[in-house]
Amino acid sequence: MKIIKSPEEMQRIALDLKRSGKTIGFVPTMGFLHEGHLSLMRVARSQCDVLVVSIFVNPTQFGPNEDLDAYPRDFERDEQLCESELADIVFYPESGNMFAGDASVWVDEDALSGVLCGESRPGHFRGVCTVVAKLFNLVQPDLAVFGEKDAQQLRIIERMVRDLNFPVQIIRGPIIREADGLAMSSRNKYLTAEQRKNALCLRKALDLASERMAKGERRVSNLRKSMVDLIDAVPEAEVDYIEFADDGTLEPLKNISGRTLVALAVKFGATRLIDNAVLIP
Ligand code: AMP
């Protein structure tokens, strides 16, 4: 397994691999890897000749008051995990080498990015789209795997690939959870023992919505209220958003009639967790 830090070297090697007829599978991450990331690597590994994993905490997707500096990092451990998943290349660039000081070109998606996390985190998806576009140019992947955990991000990347004609197949990887149901996240590390227990309310609220829908409830206001009530009863939990959106357009819904993305963000102190489910009536 090779560790590549230079963006230019990454691109040169990727172009050489392509010229020699190899297919490249890609899993972009911000590191501090867990089973969710590893599951994406396994999906990619089985469908390509060369597996590239990137580890880059992208500064442009963090807001000024967010956790960029505190974001957990452990490159040695990440390296071992990538090796155990049979990655061929770990791309581990430094921020200063990824963005020119006077970088002035951005990729902005403007239909799906204004709601949910895009509303709570202005500029976030501009940072995500720009860095993913750059990573695609550097890694030259035939396929890239993204997790359903970040449902809005996944849909925005699919839209970017469609609208800008990136020659990359995007594959969706299912949400990987801890045994008790909490969606795995690098940010779970921030939680105190008490908050970790209380964080189960995200999954419980999603389950409640899907149970009530299965019993016939279709009004979003009713479903949403029961989720808010459940979370409001949990110590320290503060709802950032709970939204029901059309799974294709992410437009907010009043009633459920087709595939619906129910997505939520809940804060525990300074830690913001997200989760989601797709409801199919
Ligand atoms: P991150 O390192 O958090 O930026 O995530 C990198 C990739 O891993 C993204 O495609 C995420 O959606 C995906 N991912 C993160 N957590 C999970 C999870 N629990 N299950 C599946 N995929 C995940």
Side-chain angles (χ1 to χ4, degrees), residues 28 36-37 39-40 43 61 108-129 132 144-163 169-178 181-185 187 199-231 237-267 272-281:
H37 299 113
S39 72
L40 308 183
V43 170
Q61 71 187 64
D108 237 324
E109 191 290 325
D110 68 6
L112 309 176
S113 301
V115 294
L116 312 174
C117 287
E119 199 172 350
S120 311
R121 305 182 68 189
H124 171 68
F125 287 116
R126 182 171 101 139
V128 170
C129 285
V132 172
V145 191
F146 289 82
E148 289 275 17
K149 161 85 186 336
D150 298 271
Q152 186 179 16
Q153 166 175 284
L154 177 49
R155 284 153 182 77
I156 290 170
I157 297 297
E158 288 171 343
R159 180 68 64 95
M160 178 183 85
V161 163
R162 186 197 75 179
D163 288 356
Q169 182 197 353
I170 303 298
I171 300 176
R172 297 181 171 197
I175 301 176
I176 305 299
R177 297 177 180 282
E178 303 285 357
L182 179 66
M184 290 193 184
S185 165
R187 289 190 168 96
L200 294 180
C201 69
L202 280 86
R203 172 63 183 274
K204 283 187 186 152
L206 291 168
D207 286 348
L208 179 62
S210 86
E211 281 156 24
R212 292 198 59 198
M213 192 207 63
K215 288 189 187 139
E217 180 62 80
R218 294 289 183 272
R219 272 161 306 181
V220 163
S221 56
N222 291 346
L223 292 168
R224 190 175 179 285
K225 179 166 188 317
S226 58
M227 294 173 77
V228 170
D229 289 346
L230 185 152
I231 293 172
E238 188 199 326
V239 173
D240 178 9
Y241 68 76
I242 298 178
E243 299 291 346
F244 290 71
D246 178 278
D247 189 44
T249 64
L250 298 188
E251 273 169 29
L253 298 172
K254 287 204 164 74
N255 287 291
I256 295 184
S257 59
R259 273 181 76 92
T260 300
L261 177 70
V262 47
L264 75 172
V266 177
K267 282 185 180 166
R272 181 175 172 281
L273 302 180
I274 60 172
D275 202 347
N276 70 85
V278 174
L279 304 180
I280 304 170

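Atom set for the values below is all heavy atoms of this structure, side chains included, hydrogens, waters and symmetry mates excluded.
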Just verifying a value: how many Å separate [X] [atom1] and [Y] [atom2], rounded to the nearest 0.5 Å?
X      : Y      : atom1 : atom2 : answer
Leu182 : Ile175 : CG    : CD1   : 11.0 Å
Leu223 : Leu206 : CG    : CG    : 11.5 Å
Asp110 : Arg159 : CG    : CZ    : 9.5 Å
Asp150 : Leu116 : CG    : CG    : 12.0 Å
Arg212 : Ile256 : CZ    : CD1   : 10.5 Å
Ile231 : Cys201 : CD1   : SG    : 5.0 Å

Would you mind reporting whether [Y] and [X] have side-chain heavy atoms less than 4.5 Å apart?
X      : Y      : value
Ile274 : Gln152 : no
Leu264 : Val239 : no
Arg126 : Ser113 : no
Lys204 : Leu208 : no
Leu253 : Thr260 : yes
Val115 : Glu243 : no
Arg272 : Cys117 : yes

Just to verify, what does [X] make a salt bridge (charged side-chain N to carboxylate O under 4.0 Å, His left out) with, not counting sequence neighbours?
X      : result
Lys225 : Asp229
Arg224 : none
Glu158 : Arg172

Note to self: If the threshold is 4.0 Å, N to carboxylate O, is there a salt bridge linking Asp275 and Arg177?
What the structure shows: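 Salt bridge between Asp275 and Arg177, a charged N being under 4.0 Å from a carboxylate O: yes.
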Notebook entry, point to check: Would you call Lys215-Glu217 a salt bridge at under 4.0 Å N-O?
Noted result: no
Specify the closest pair of heavy atoms between [X] and [Y], including all atoms of both residues, with the distance to one decimal.
X      : Y      : result
Ile176 : Ser39  : CG1-OG, 3.4 Å
Met160 : Cys129 : SD-O, 3.5 Å
Pro281 : Met213 : CA-CE, 3.9 Å
Lys149 : Asn276 : O-ND2, 3.1 Å

Checklist line | Residues that Ala209 engages under side chain to side chain contact (heavy atoms under 4.5 Å, CB included), provided they are two or more places apart | finding: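 Partners of Ala209 under the side chain to side chain contact (heavy atoms under 4.5 Å, CB included) test: Met227, Phe244.
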Check: By side chain to side chain contact (heavy atoms under 4.5 Å, CB included), which residues pair with Leu40, not counting sequence neighbours?
Finding: Val27, Val145
Item checked: Test log, rule side-chain contact (heavy atoms from CB on, under 4.5 Å), inputs Ile156 and Val128 -> CA-CA 9 Å; Ile156 290 170; Val128 170; over 6 Å; no
Next item on the list: Keeping to residues at least two apart or across chains, list the salt bridge (Lys or Arg N to Asp or Glu O under 4.0 Å) pairs with something in residues 247-262.
Entry: Arg155-Asp247, Asp247-Arg259
